[in-house]
Amino acid sequence: MSKGITSRDTDYSQWYNELVVKADLAEHSAVRGCMVIKPYGYAIWEKMQAALDQMFKDTGHSNAYFPLFIPKSFFSKEASHVEGFATECAVVTHYRLKNDGTGQIVVDEEAKLEEELIVRPTSETIIWNTYRGWIESYRDLPILVNQWANVVRWEMRTRLFLRTAEFLWQEGHTAHATREEAVEETNRMLGVYADFAENWMALPVVKGRKTENERFAGALDTLCIEALMQDGKALQAGTSHFLGQNFAKAFDVKFTAKDGKLDYVWATSWGVSTRLMGALIMAHSDDAGLVLPPKLAPIQVVIVPIYKTDEEKAGITGFADTLIAELKAQGISVRFDDRDTQRPGFKFAEWELKGVPVRIAVGARDMQNGTVEIARRDTQTKETVAQEGLAARVAGLLEDIQQHIFTKALTFRNANTVEVNTYDEFKQVLEEKGGFISAHWDGTVETEKRIKEETKATIRCIPLAGQPEDGFCMVTGKPSTQRVLFARAY
RNA sequence: CGGGAUGUAGCGCAGCCCGGUAGCGCGCUUCGUUCGGGACGAAGAGGCCGCAGGUUCGAAUCCUGUCAUCCCGACCA
């Protein structure tokens, strides 16, 4: 491993790419646009999954699994949905290979599928086709299902975690008897995502509504959580859609209500993906490497022994074994790094690169004094403390770190969210500082597109917490009733 | 799909103009000394030079084709 990584100031984008690879999170695969998520990176994703999965269960949802392949005909049933995904679908056309006689393996042209299959870019169509068979009466509703799956979107330009051709995600798909209930579900799940982002990822987010232009293909309303990265660019971290009756109509899913009337079912869908890994990395990490919030760190504490002789090592190991047992009893994950193939300085740097929140170094000197050196990753500070009561101190420290990382990110976001009233001011802030820019907009797609073309900034969302405020569109001067949040985005 | 560039050891690169059968750094292996912030020394291992043709006594090097990757644009979130 070569020393260090490119600093954020030098090249933020390169810093990110190097960090993902050097911290052992993921790497490029032999398949264009697809990544290999390595064990350490996958361990973080698993922690995210576990927390989210529990939150879904706590809000009444169950997991299920639907096919990877979707008949092409399903796609054409909801017009705007097709339009949104048509240009980035992988299509399966054949089901057999053969040897061409010269030792080459080729597609057997005779084994052509009668109907081509689309590798799912999202599962609304196959799921709603299935729901038709599940729903007859209001008694069958609501259906609250989630699936953990991979999806494929044939992207032209990819980046590890942020945009890959294949990615992992969860997609919730719910069916309801009334519009109100579906809208409520859409809001509830957005709340779950915001809760997860802030309390697990330590990532402050803005809850908002997408403009018509940015809305999910096939949805009546798209809600989102938007986060700000350290380079001043925004990242959409999760979405929750109110689908109205669009898919129920496309797939003819009706139910009989209490009063005997037949009506189409109301729908929602919501999802977060491995893109969250990118958000996690870019929100907190520094020039020394990854900074992980303790709640998502696969290893929360690493113990590095410092010794010269076998006797010293044995003494330290005895101490470490006791400490590890105490920490584990509190549900804290610990790694005792007793590799004698690396020296302590190397280990320090390596675990910092990998973002382990707390490091405890114990040497012969500490053993004599009854102390350890304890270092926290988020502030890069260290102090010498007594061995006595260490487990409790570590537990408290982990909580402090979780809190501190969030506060730091929140302070950054607040410092990088500004209100502007003129287009000139807007452009200036965008160039000099980036971040979220709160401004009045006339509500038209034309103006939104013009701003995007001229500045590359998009409307990230119309904040749900935003107060109505009369003003004038910074571009056209037309009246506006609320500020919206702009940013350049990933 | 348009413009530009690059494919040589696990990674990063030199060699190519002026053809003579491959080298440097990191990493890896072994031994020794080290060990409180990315150690040092010595000895090793490792390469159909992206692939396929061609020119030549001889090709990493010249020519043709092809594939792949990266950057900029277009497209996309």
Side-chain angles (χ1 to χ4, degrees), chain A residues 1-6 11 13-14 17-18 21-22 27-34 83-89 104 121-122 151-165 167 169 210-211 213-217 222 224 226 233-239 241 271-275 278-279 287-289 302-310 312-313 316 337-354 359-369 371-375 377 380-384 452-453 456-461 487-490:
Chain A
M1 199 181 306
S2 61
K3 277 190 188 180
I5 53 176
T6 300
D11 186 340
S13 179
Q14 195 178 340
N17 293 338
E18 286 180 16
V21 171
K22 291 193 174 172
E27 63 186 34
H28 291 282
S29 72
V31 186
R32 178 195 167 86
C34 296
E83 217 174 294
F85 287 105
T87 58
E88 48 183 23
C89 286
Q104 294 292 311
T122 179
V151 286
V152 169
R153 294 179 187 173
W154 214 260
E155 300 287 356
M156 297 295 284
R157 191 175 288 177
T158 59
R159 289 189 76 191
L160 294 175
F161 290 119
L162 296 174
R163 178 176 285 110
T164 47
F167 57 92
W169 78 343
K210 286 294 184 190
T211 60
N213 191 42
E214 298 271 330
R215 190 182 293 159
F216 174 71
T222 289
C224 62
E226 292 283 331
K233 286 171 82 173
L235 187 140
Q236 178 178 303
T239 50
H241 314 291
V272 296
S273 71
T274 35
R275 197 175 212 216
D287 293 347
V302 64
I303 302 171
V304 178
I306 297 157
Y307 54 87
K308 290 192 172 80
T309 64
D310 286 348
E312 285 175 1
K313 187 182 181 184
I316 294 166
D337 187 357
D338 63 348
R339 289 176 295 175
D340 49 18
T341 52
Q342 318 297 144
R343 296 159 80 258
F346 180 92
K347 294 177 183 178
F348 292 174
E350 183 172 62
W351 293 116
E352 274 164 18
L353 181 61
K354 292 189 146 199
R359 179 186 73 230
I360 296 170
V362 203
R365 206 166 61 212
D366 288 308
M367 291 304 287
Q368 281 194 337
N369 300 340
T371 58
V372 300
E373 180 192 85
I374 188 165
R377 177 65 184 84
Q380 299 248 61
T381 53
K382 53 192 181 184
E383 55 179 332
T384 299
K452 183 177 177 179
E453 272 165 32
K456 287 183 177 163
T458 49
I459 299 178
R460 301 319 305 155
C461 69
R488 287 195 180 132
Y490 277 99

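Throughout, protein chains are lettered first and strands after them, A, B, ... in sequence-line order, and every chain is numbered starting at 1. Just so it is clear, the values below take in all heavy atoms, side chains as well, and ignore hydrogens, waters and symmetry mates.
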Worksheet item: How long is the line joining CD1 of Ile306(A) and C1' of G37(B), in whole Å?
Response: 9 Å

Worksheet item: Hey, does Lys382(A) reach any base, or is it just sugar-phosphate, or nothing, if we go heavy atoms under 4.0 Å?
Response: base

Discussion item. Without decimals, in angstroms, what is the distance between Arg359(A) CZ and G38(B) P?
Written reply: 12 Å

Practice prompt. Specify the residue among Lys456(A) and Ala288(A) whose closest nucleotide of RNA chain B lies further upstream toward the 5′ end.
Written response: Ala288(A)

Item to complete: If U29(B) has a Watson-Crick or G-U wobble mate with both distances under 3.5 Å, name it; if not, just say none.
Response: A43(B)

Fill in: Euclidean distance, atom CD of residue Glu18(A) to atom C1' of C11(B) [Å, nearest integer]
12 Å

Item to complete: Look at the side chain of Pro344(A) and decide which nucleotide, out of A77(B), G37(B), C35(B), has an atom nearest to it.
Response: C35(B)

Discussion item. Under 4.0 Å, counting only non-hydrogen atoms across every strand here, what does Gln342(A) touch: a base, just sugar-phosphate, or nothing?
Written reply: nothing

Worksheet item: Considering Watson-Crick and G-U wobble pairs with both distances under 3.5 Å, what does C16(B) pair with?
Response: none

Practice prompt. Give the rounded distance in Å between these two atoms: OH of Tyr307(A) and P of U34(B).
Written response: 15 Å

Worksheet item: Within this structure, what is the CG-to-P distance between Asp337(A) and G37(B), rounded to whole angstrom?
Response: 15 Å

Worksheet item: Under 4.0 angstrom, heavy atoms only, what part of the nucleic acid is Glu214(A) near: base, sugar-phosphate, or nothing?
Response: nothing

Worksheet item: Taking only side-chain nitrogens and oxygens of Arg343(A), does any of them come within less than 4.0 Å of OP1 or OP2 of G36(B)?
Response: yes

Worksheet item: How would you label the contact of Asp366(A) with the nucleic acid (heavy atoms, under 4.0 Å): base, sugar-phosphate, or nothing?
Response: base

Discussion item. Does Arg365(A) reach a base, just sugar-phosphate, or nothing at all? Heavy atoms under 4.0 Å.
Written reply: base

Worksheet entry | Closest to side chain of Arg163(A), choosing from C76(B), G36(B), G38(B) | C76(B)

Worksheet item: NA contact type, Arg339(A), heavy-atom cut-off 4.0 Å: base, sugar-phosphate, or nothing?
Response: nothing

Discussion item. Among residues at least two apart in sequence or on other chains, which ones pass side chain to side chain donor-acceptor pair (under 3.5 Å) with Asp337(A)?
Written reply: Arg339(A), Trp351(A)

Practice prompt. Look at atom CH2 of Trp154(A) and say whether more than 12 heavy atoms of other residues, nucleotides or ligands are closer to it than 6.0 Å.
Written response: no

